[in-house]
Asks: 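Below is one structure. I have some questions about it.
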Amino acid sequence: LEGASMEAPRMGNLYLEDPLLQGYLRAHLPAQVFAEVNVDLERFGARLRDEIDFLDRECELNPPRLLHFDAWGQRVDQVTTCPAWKRLKDISAEESLVAEGYKRRYSRWSRVYQIAKMYLFMSNSACYGCPLAMTDGAAKVIESLGIPKPLEEAYARLTSADPKTFWISGQWMTERKGGSDVGGGTETVARELPDGSYSLHGFKWFTSAADSEMTLTLARIVGPDGQVKQGSRGLSLFYLKIYEDGKLNGIKIERLKEKLGTRALPTAELLLDGARAHLISTEGQGIPYIANMLNITRIYNAVAAAGSMRRMVNLARDYATKREAFGKPLKDHPLHMQTLARMEVQSQAAFLLLMELARLLGLEETKAATEQEKHLLRLLTPLTKLYTAKQGIAMNSEGLECFGGQGFMEDTGLPVILRNSQVLSIWEGTTNILSLDVLRCILKSQGKALDVFFSTAQAKLEAATRQPELQASVQIIQNNLQKLKQFVRRMDSKGEAGWQLAA
Ligand code: MFK
Ligand code: FAD
């Protein structure tokens, strides 16, 4: 019937359609930096719309496959990804998506710029942000080690802006006995070889970016007496290449995971059967060394959450101008507008929290952070990860409802946004594990992290009080802050036991 077809929601230039992002960058970056970044992000926004959005869909429709044997019965364990996935890798290099964080062209502001760009990319790139997160995390670990000679090549490749040399890294931590309890659950052992390298034997239960070129992983070193040390203090950190001399490096790819979401991302189960690896941490210090990687990937998780919320709100907002019900567009129904307004506020809050992390990270990495800012960065990292992940799942679920039945239809490309959000509260530490990390951080800083949090929140509230329209909200937050302070005092008065209780 004439006029019976429906109009799809349209994705425009994500940068130009995001006044908060533009305003944030204009307000925070020095004028010259903003001028350059503004031009780049406008161009990138157009590239996302005109090129990358198509690749996103292609990857979803053509998930990776695993070939175990060739035609002649030889075990090959080949992960095949689609051309669009490979193209996303090249684009990531061309756009300096990881490199910018390490080249630091804009000094402390490079992280703000990089994370803003990643925020635009992440929501439209079939989870390619996941391999990039691990790549950035691996670069961070290597940089924190002072880029020792044996890791120079890996560092140069991870931070390369040239598709021909760019490498992706994996992050192999989870084993069958435990993904949260890495210290208790890791069974992989490392035997020293005559040349000083190690041979790894074990089973890694979840390894995303199974098509990566290298990885960082944990194992227990077998001592001269044949014994290994148990617990997290028994873990050491290793670097290994996935291929050596053109062959898998003592690795068998047992299976690709069948997942609810992140289907474009090859996540594998790997048997390590003599993989040659290099010890890169002090023996027994694997967890604190890999924590540098965790803290970066957790920030990326917040990028993914905030980015997906922004994409969902933009699409829902556009649809509200096109879809009519009861004789007028959805946008003219106050109740629907209230739903959209709530989503918009959630999305903006997630973005601002994320950018605060980016700002603090930039300060820390250029040695410009005060002790207080370092405490705040450490505290806000798990908090932002856990909070935005939960927000992302809830908001993207609400978002589907904004499209009515169409929100449930696979070929609209909408359900995948929710499916991909659902993992954000699981990987890189579940919500409870991150809550415990918040407590770890408070205890380790002897309460300083919390003091900084309270004083920073107080200062922001006082600034907000000057705006009459914010009075009511300020009062609610003020009350909550007071309650939190009282809770903290109560727990503190019980000493260590109080914090265990809080946990
Ligand atoms: C889209 C973007 C996202 C990209 C996703 C990529 C794909 C997904 C990849 C993954 O999911 S990778 C696997 C992620 N796995 C986890 O997040 C593990 C969750 N478990 C934890 O986080 C545990 O807390 C942890 C294994 C880190 C530690 O447990 P333990 O054994 O109870 O540790 P313990 O003894 O408290 O801490 C050991 C040391 O590490 C301590 O330092 P010291 O020895 O100096 O005292 C801790 O302070 C330090 N530490 C732990 N977490 C830290 C940290 N230091 C800094 N930052 C942290 N976050
Ligand atoms: P468990 O540790 O068994 O947790 C089960 C439940 O118990 C959770 O709700 C948890 O919060 C709760 N729990 C556990 N301990 C406590 C506690 N002390 N207090 C309160 N609650 C607790 N891992 C990698 O290393 N590399 C990867 O590349 C990777 N990619 C992944 C990709 C996908 C799509 C998924 C889903 C996972 C991936 N993971 C990867 C694994 C992921 O990091 C783990 O699944 C996650 O850390 C949780 O570990 P687990 O599955 O063993 O759950």
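Indexing begins at 1, ligand by ligand and atom by atom, following the structure's order. What you see is a predicted model; the values in this text were computed from it and never measured.
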Asks: Yes or no on salt bridge (charged side-chain N to carboxylate O under 4.0 Å, His left out) for Arg310 and Glu344, after CA distance, side-chain angles and deciding distance?
Replies: CA-CA 8 Å; Arg310 170 52 49 211; Glu344 180 62 37; 2.9 Å; yes
Asks: For Gln114 and Arg111, which I'm curious about, is there any donor-acceptor pair between the side chains at under 3.5 Å?
Replies: yes
Asks: In Å, rounded to the nearest 0.5 Å, how long is the span from SG of Cys82 to CG of Leu55?
Replies: 8.5 Å
Asks: Report yes or no: is the cationic atom of Lys177 (NZ for Lys, CZ for Arg) closer than 6.0 Å to the six-membered ring centre of Trp205, at no more than 45° off its axis?
Replies: no
Asks: NZ of Lys252: more than 12 outside heavy atoms within 6.0 angstrom?
Replies: no
Asks: Mind checking what residues have non-hydrogen atoms under 4.0 angstrom from ligand 1?
Replies: Cys130, Ala133, Met134, Gln171, Met173, Thr174, Gly179, Ser180, Val182, Ser232, Arg233, Ile287, Pro288, Ala291, Leu294, Asn295, Thr297, Arg298, Tyr300, Asn301, Ala304, Arg378, Trp427, Glu428, Gly429, Ile433, Asp437, Arg440, Lys444
Asks: Quick one: ligand 2 N/O to protein N/O pairs below 3.5 Å?
Replies:
from, atom 1, to, atom 2, distance (Å)
ligand 2, 2 (O), Ser180, N, 3.2
ligand 2, 2 (O), Ser180, OG, 2.6
ligand 2, 11 (O), Thr430, OG1, 2.6
ligand 2, 23 (N), Thr174, OG1, 2.6
ligand 2, 25 (O), Gln171, O, 3.3
ligand 2, 25 (O), Met173, N, 2.8
ligand 2, 25 (O), Thr174, N, 2.8
ligand 2, 25 (O), Thr174, OG1, 3.0
ligand 2, 26 (N), Gln171, O, 2.7
ligand 2, 26 (N), Phe206, O, 3.1
ligand 2, 28 (O), Ser208, N, 2.7
ligand 2, 30 (N), Ser208, OG, 2.8
ligand 2, 49 (O), Ser180, N, 3.4
ligand 2, 52 (O), Gly179, N, 2.7

Asks: Under the ring pair (Phe, Tyr, Trp, His ring centres under 6.0 Å) definition, can you give me all pairs with a residue in residues 112-132, not counting sequence neighbours?
Replies: Trp85-Tyr128, Tyr106-Tyr113, Tyr119-Phe351
Asks: Please check if any side-chain donor atom of Arg298 sits under 3.5 Å from a side-chain acceptor atom of Thr381, or the reverse.
Replies: no
Asks: Does the Lys NZ or Arg CZ of Arg49 fall within the cation-pi geometry relative to Phe54 - under 6.0 Å from the ring centre and within 45° of the axis?
Replies: no
Asks: Among residues two or more places apart or on two chains, list those pairs meeting side-chain hydrogen bond (donor to acceptor under 3.5 Å, both in side chains) that have a residue in residues 277-296.
Replies: Ser144-Asn292, Thr282-Tyr289
